[in-house]
There are 2 protein chains.
Amino acid sequence: MVDKGIIERKLKANNYKLTPQRRAIIDALFEHRGRFIAAGEIHSKTLSRHSGTDFSTVYRNLEILEKMGIIHKTNIRGGAAVYELICDHSHHHHIICKGCGKTEIISACPLEHLMEDVEDKGFTVIDHKFELYGYCSKCYNKR
Amino acid sequence: MVDKGIIERKLKANNYKLTPQRRAIIDALFEHRGRFIAAGEIHSKTLSRHSGTDFSTVYRNLEILEKMGIIHKTNIRGGAAVYELICDHSHHHHIICKGCGKTEIISACPLEHLMEDVEDKGFTVIDHKFELYGYCSKCYNKR
DNA sequence: CTTCGTGCAAAAAATTTGCATCCGT
DNA sequence: ACGGATGCAAATTTTTTGCACGAAG
């Protein structure tokens, strides 16, 4: 996934229409590329691009995007789920500090090592998530 | 993490008390070893072991257990978060079907390949999560 | 025109919090 | 006894749904 254009083509290919709201949501996610963002934040960002966009619209679209493998949904940050756009051209994973919540990017990807094993099980892999949890040096020293 | 005993010792070591509620919650998680379980299910299971246990108690304990690296919290299954006990003696990851939600276990672990890379960043890794998403053969054929 | 998408309003679900009391240690 | 843990009740926050209308292809 290189740019917004590809996402939009992918949507069309699946009979999804290109509404301004949807575009605004994708823009918000795109602007946040590489970081996690919660539904609430996506909603506010979307508002500034297309005022009036409803929260339910945001959720409905996040669900679609997730099913299509365009975004990821994860649970860090206590309560609300966070989302992240998947960009192949900068494919990466995260290490998340359990102390302060800070995240850093890991560029290595472990998938290649076990693709075969998995497809033996009859599953067709279309996406994956790899996250490391630990403590950054600051938080580690505080203990 | 081999058995409940170790979890209990780990709690004591961190000044957490061993209440019957907490024990019941751990038991519920333990009984579910290897599978995901939502807070609601944990609560019901806990009730049968120690009736009266409150939902808030369940959540407070799940938070503690997660912070201690004893359980994992994930988002599949639309709404609620799901939890899973981490057992070293049967360390594994999951592949999750985006169609029907079915999960299967992957025993290979990708972590060893990139431990060094990560610790270079100053992070101390204490836990990790690796999840594959795709379609099981049934759901794949339906498309 | 046909189908999908949206806003609105409301509900349901999930999670969190304050506080008085209770119970492990 | 002390300090953490619990239950209760209530509030918040997050997410989902039904429906009539509007808009994209």
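Quick note on labels: first sequence line is chain A, next is B, and so on, each numbered from 1. Excluded from the calculations below are hydrogen atoms, water molecules and symmetry mates; all remaining heavy atoms, backbone and side chain alike, are included.
- The main-chain N or O of B:Asn61 is never found under 3.5 Å from a side-chain atom of B:Arg22 such that the two would form a donor-acceptor pair.
- Between the side chain of A:Lys73 and the backbone N or O of A:Glu63 there is no donor-acceptor pair closer than 3.5 Å.
- A straight line from CG of B:Asn14 to P of D:dA5 spans 11 Å, rounded to a whole angstrom.
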Item to complete: List the steps, then state whether salt bridge (Lys or Arg N to Asp or Glu O under 4.0 Å) holds for A:Arg35 with A:Glu41.
Response: CA-CA 12 Å; A:Arg35 281 164 296 162; A:Glu41 304 172 65; over 6 Å; no
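- If you take CG of B:Asn61 and P of D:dG4, they are 15 Å apart, rounded to a whole angstrom.
- There is a side-chain donor-acceptor pair under 3.5 Å between A:His92 and A:Glu84.
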Discussion item. Walk along nucleotides 15-25 of chain C from 5' to 3' and tag each nucleotide B, S or - by protein heavy-atom contact under 4.0 Å, base first, then sugar-phosphate.
Written reply: BBBB-----BS
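- Per the geometry, CG belonging to A:Leu62 stands 15 Å off C1' belonging to C:dT6, to the nearest Å.
- A straight line from NE2 of A:His50 to P of C:dG5 spans 15 Å, rounded to a whole angstrom.
- Atom CD in A:Gln21 sits roughly 10 Å away from atom C1' in D:dG22 (whole-Å rounding).
- Counting to the nearest Å, the P atom of C:dA14 and the CD1 atom of B:Ile42 are 13 Å from each other.
- Counting only distance, with no hydrogens or angles, the side chain of A:Asn14 and the backbone of A:Tyr16 share no donor-acceptor pair below 3.5 Å.
- For A:His128 and A:His91, the gap between ring centers is short of 6.0 Å.
- Straight-line distance from the NZ atom of B:Lys67 to the P atom of D:dA5: 13 Å, rounded to whole Å.
- Within the 4.0 Å cut-off from OP1 or OP2 of D:dG7, at least one side-chain nitrogen or oxygen of B:Thr57 is found.
- In this structure, A:Asn15 atom CG and D:dA23 atom P are separated by 21 Å, rounded to whole Å.
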